[in-house]
Enquirer: 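Here it is: the structure, laid out below.
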Number of protein chains: 2
Amino acid sequence: MTKTQQTKSRASGRVTLAAVAQLAGVATMTASRAITQPDLVSETLRTRVEQAVAELGYVPNRAARALASAESKVIAVLVPSLSNAVFTEVLAGIQDALDADNYQILIGNTRYSDAEEEKLLGIYLQSNPDGILLSGLNHSPRVQQMLTSSRVPIVSMMDMSTDPAQLSVGFSQVQAGQAMTRYLIDKGHRRIGFIGAQLDERTLKRADGYRQAMREAGLADPRLELMVPDPSTIALGAELVERMLAQAPDCDAVFCCNDDLAHGAIYQCQRLGIAVPGQLAICGFNDLPASAWINPSVTTVATPRYQIGFEAATLLRAVIKGETPAATQIDLGFTLMARESA
Amino acid sequence: MTKTQQTKSRASGRVTLAAVAQLAGVATMTASRAITQPDLVSETLRTRVEQAVAELGYVPNRAARALASAESKVIAVLVPSLSNAVFTEVLAGIQDALDADNYQILIGNTRYSDAEEEKLLGIYLQSNPDGILLSGLNHSPRVQQMLTSSRVPIVSMMDMSTDPAQLSVGFSQVQAGQAMTRYLIDKGHRRIGFIGAQLDERTLKRADGYRQAMREAGLADPRLELMVPDPSTIALGAELVERMLAQAPDCDAVFCCNDDLAHGAIYQCQRLGIAVPGQLAICGFNDLPASAWINPSVTTVATPRYQIGFEAATLLRAVIKGETPAATQIDLGFTLMARESA
DNA sequence: CTGAAAGCGCTTACAG
DNA sequence: CTGAAAGCGCTTACAG
């Protein structure tokens with residue numbers, strides 16, 4: 001066990017596969033096989049190698065493996081936010097789907113910024129990922145170009161693509177926006193406002209759905225829309241509900257593009273003495289855990305984000321393995337949760 | 001540019017440094033230097049290499065770099081949860097601190113499980129990380145052993161270590177628990193309950209602080225404690241406040257080990273017609289964004305989680321660079337936020 | 001400032 | 001079922 005003959009070597013000092021093989025009395029590649037494809041090695045040698053691994057505390061070097069083999073066992077995930085519970089649940093689904101495969105999951109938070117997305121993708125591409133999980137369908141030309149030239153398999157999450165060549169898992173953001181608006185119209189509301197923040201792809205599509213439904217009903221009015229680029233927060237919801245009421249005093253319902261905004265709007269109405277839903281109906285989007293508990297409980301759209309992550313990762317893994325997926329577009333749908341606030 | 005003489009080679013097909021060097025008319029290592037240490041290369045050659053990089057769309061292979069050099073440029077971060085906003089803010093701080101250094105940040109969600117922590121650490125160690133950021137001070141013997149034998153620099157986040165050899169950044173969970181309890185006592189409360197969930201290291205320490213303060217004031221009573229191992233959620237807070245009132249009907253204040261629980265407790269009191277803080281004072285811990293907005297607004301302890309992430313990453317980076325840090329323990333403190341609910 | 005050679009620690013064909 | 005050799009794409013000493 002004392003075989004330190006490092007002269008001017010660049011050896012890291014870590015235990016190598018060669019050391020394991022030597023202790024087990026086999027060739028390096030037999031040791032390699034005993035670890036990665038144990039079925040191809042006789043029980044005798046496999047046991048000897050396993051003992052050597054345990055005795056030496058051998059930890060495989062992932063960089064060496066990635067360099068020598070075709071695959072990196074890395075999957076990169078790009079999400080626009082980690083403070084938004086929606087995406088942490090997407091990540092939980094991804095984690096669960098990839099659990100057993102020894103994948104290294106690279107989680108990148110783009111903070112809703114194209115520049116940040118480009119930067120992170122650039123770094124991740126250096127790791128030669130086996131696959132990439134992306135949020136949304138719209139990306140900067142630079143990102144698209146990087147993606148194309150990398151030839152890495154990609155699955156897009158959150159929305160449905162119209163391009164059959166593009167793998168996507170999610171649900172129709174437009175239809176969900178429409179469904180909520182129609183629900184409010186059916187409830188008898190006529191002056192329905194839309195509050196949107198961040199103005200990311202999904203918010204804009206929900207707004208589209210809102211507009212379509214309002215137009216169909218002959219209720220469309222641009223003064224009922226309030227769109228700001230700031231990040232969605234409870235504080236912003238509180239602010240925007242007041243601005244909406246100022247710009248459209250006859251507003252009788254507000255569709256907030258997400259639950260954070262809706263919660264803030266409700267809390268603010270409580271302070272201002274505005275009855276919800278009596279004087280003003282308020283609804284949100286996503287069905288965060290708090291929405292079922294706030295008083296009044298919040299009418300919203302439940303979205304299958306955990307499932308999206310799980311199914312997207314499962315689809316990606318299949319594609320990486322060279323399988324031809326049964327479907328390239330997986331629509332997981334959404335559920336309107338009618339509660340007290342609207 | 002047409003130099004495809006791959007016979008039975010295992011080449012990946014990607015553009016290599018050698019190809020860049022050839023196009024630029026320099027040696028491979030000069031190309032390498034032009035990219036990683038541009039100051040050491042003449043302007044002429046540097047420009048030629050840069051043009052070749054752009055023309056070929058060269059992306060460095062991180063695995064090859066990691067294998068050839070001593071450093072992996074990987075930092076592994078282990079957090080117990082991603083659904084808890086506290087840790088996503090810690091991550092934001094880490095991201096910001098490490099932004100410019102081309103580090104690959106490996107984010108691992110241990111889900112409060114020792115087994116999961118061991119598994120993730122095992123995977124991450126294969127990447128030979130330059131440093132590791134850990135949550136908390138208590139880890140399984142197996143994890144400690146893996147950490148020790150890896151010899152990778154470590155910084156612990158969230159709490160203060162008593163071991164001077166252990167780098168830690170955070171604040172005293174015990175003192176924070178004490179401070180909140182004393183605040184409630186000073187407000188005149190005598191029958192102060194403590195509700196704890198998950199029972200992770202931090203919750204147990206806050207409970208310790210609570211007990212010490214109650215003992216000092218001669219108010220200690222085990223019937224005022226309610227500890228359950230379930231994950232902290234709003235729903236659980238709603239359930240536990242009822243159980244607390246059942247087990248200690250004369251309870252006049254409840255200290256929840258975190259804000260999620262406190263929010264649930266408040267919503268439930270609203271439903272049950274229990275006035276907060278009139279009949280029952282309720283306070284939380286962490287100061288999540290909603291706490292300032294809920295009616296009544298929530299008395300809680302603001303914790304410097306973004307700063308913890310930022311400072312811990314900064315400290316780790318210094319240690320990796322071989323610098324001797326000015327302090328091995330960084331106490332970032334906490335702030336009691338007195339609001340309406342208690 | 002620039003470069004030819006060796007090596008990092010693994011896996012891939014190819015034999016036997 | 002087992003193994004000797006070559007190679008993955010970089011960087012590290014060491015010269016010049």
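Protein chains get the first letters and strands the later ones, always in sequence-line order, with residue 1 at the start of each.
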Enquirer: So if I take every side-chain heavy atom of B/Ala68 and compare against D/dC1, D/dT11, C/dG9, which nucleotide ends up nearest?
Expert: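 Closest of the options to the side chain of B/Ala68: D/dT11.
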
Enquirer: Judged by modelled atom types alone, do A/Gln126 and B/Arg65 share a side-chain donor-acceptor pair under 3.5 Å?
Expert: no

Enquirer: Check the distance between D/dG9's P and A/Arg62's CZ and give it to me in whole angstrom.
Expert: 19 Å

Enquirer: Just wondering, do A/Leu121 and A/Ile132 contact through their side chains at under 4.5 Å, heavy atoms?
Expert: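 When only atoms from C-beta onward are counted, A/Leu121 and A/Ile132 do touch, with a gap below 4.5 Å.
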
Enquirer: Expressed as a whole number of angstroms, how long is the span from B/Arg65:CZ to C/dC10:P?
Expert: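 Distance check: B/Arg65 CZ to C/dC10 P gives 21 Å.
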
Enquirer: Look at the side chain of A/Ser42 and decide which nucleotide, out of D/dG9, D/dC1, D/dT11, has an atom nearest to it.
Expert: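 So the side chain of A/Ser42 is nearest to D/dC1.
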
Enquirer: How long is the line joining CG of A/Asn102 and P of C/dC10, in whole Å?
Expert: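 Rounding to the nearest Å, CG of A/Asn102 and P of C/dC10 are 14 Å apart.
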
Enquirer: Does OP1 or OP2 of D/dG3 have a side-chain N or O of A/Thr30 closer than 4.0 Å?
Expert: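 Looking at the OP1 and OP2 atoms of D/dG3, one of them is under 4.0 Å from a side-chain N or O of A/Thr30.
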
Enquirer: Does any donor atom in the side chain of B/Gln329 or B/Ser161 lie under 3.5 Å from an acceptor atom in the other side chain?
Expert: no

Enquirer: How many Å lie between CD on A/Gln37 and C1' on C/dC10, as a whole number?
Expert: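 It works out to 13 Å between those atoms.
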
Enquirer: For the side chain of B/Leu67, counting heavy atoms from C-beta on, which of D/dC10, C/dT2, C/dC8 is nearest?
Expert: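 Per side-chain heavy atoms of B/Leu67, the pick is C/dC8.
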
Enquirer: Between atom CG in A/Asn61 and atom P in C/dG7, what is the gap in whole Å?
Expert: 18 Å

Enquirer: Between the side chains of B/Gln51 and B/Arg48, is a donor N or O closer than 3.5 angstrom to an acceptor N or O?
Expert: no

Enquirer: What closest approach, in Å, do B/Ile35 and B/Pro38 show between heavy atoms, and which atom pair accounts for it?
Expert: O-CD, 3.9 Å

Enquirer: Rounding to a whole Å, what distance do you find between B/Asp39:CG and C/dC1:P?
Expert: 9 Å

Enquirer: Under 4.0 angstrom, heavy atoms only, what part of the nucleic acid is A/Arg33 near: base, sugar-phosphate, or nothing?
Expert: base

Enquirer: On the nucleotide C/dT12, are OP1 or OP2 found under 4.0 Å from the side-chain N or O atoms that A/Ser69 carries?
Expert: no

Enquirer: Provide, to the nearest angstrom, the distance between the CZ atom belonging to B/Arg14 and the C1' atom belonging to D/dG9.
Expert: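 In whole Å, D/dG9 C1' lies 10 Å from B/Arg14 CZ.
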
Enquirer: For A/Ala27, report the nucleic acid contact type (base, sugar-phosphate, nothing); a contact means any heavy atom under 4.0 Å.
Expert: sugar-phosphate

Enquirer: Side chains of B/Tyr306 and B/Asp96: do they bring a donor and an acceptor to under 3.5 Å?
Expert: yes

Enquirer: Quick check: on DNA chain D, is the nucleotide nearest B/Thr36 upstream (toward 5') of the one nearest A/Val41, or the reverse? Name the residue that is more 5'.
Expert: A/Val41

Enquirer: Quick check on D/dC10: is either OP1 or OP2 less than 4.0 Å from any side-chain nitrogen or oxygen of B/Ser32?
Expert: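 B/Ser32 to D/dC10 OP1/OP2: no side-chain N or O under 4.0 Å.
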
Enquirer: Please determine, for the side chain of B/Leu17, which listed nucleotide (D/dT11, C/dT11, C/dG3) has the closest atom?
Expert: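 Looking only at side-chain atoms, B/Leu17 lies closest to D/dT11.
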
Enquirer: Counting a pair only when it is Watson-Crick or G-U and both distances are under 3.5 Å, which runs of at least 3 such pairs involve DNA chain C?
Expert: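 DNA chain C forms these stems: C:1-3 with D:14-16, C:5-12 with D:5-12, C:14-16 with D:1-3.
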
Enquirer: Got a list of side-chain donor-acceptor pairs under 3.5 Å for residues 315-327 of chain A, not counting sequence neighbours?
Expert:
{"from": "A/Arg317", "atom 1": "NH1", "to": "A/Ala97", "atom 2": "O", "distance (Å)": "3.1"}

Enquirer: Could you check B/Met29 against B/Ala63 and say which one's nearest nucleotide on DNA chain D is further toward the 5' end?
Expert: B/Ala63

Enquirer: Any side-chain heavy atom of A/Gln166 within less than 4.5 Å of one from A/Leu137?
Expert: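 A/Gln166 vs A/Leu137: side chains touch.
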
Enquirer: Atom CD1 of B/Ile35 to atom P of C/dT2: distance rounded to whole Å?
Expert: 14 Å

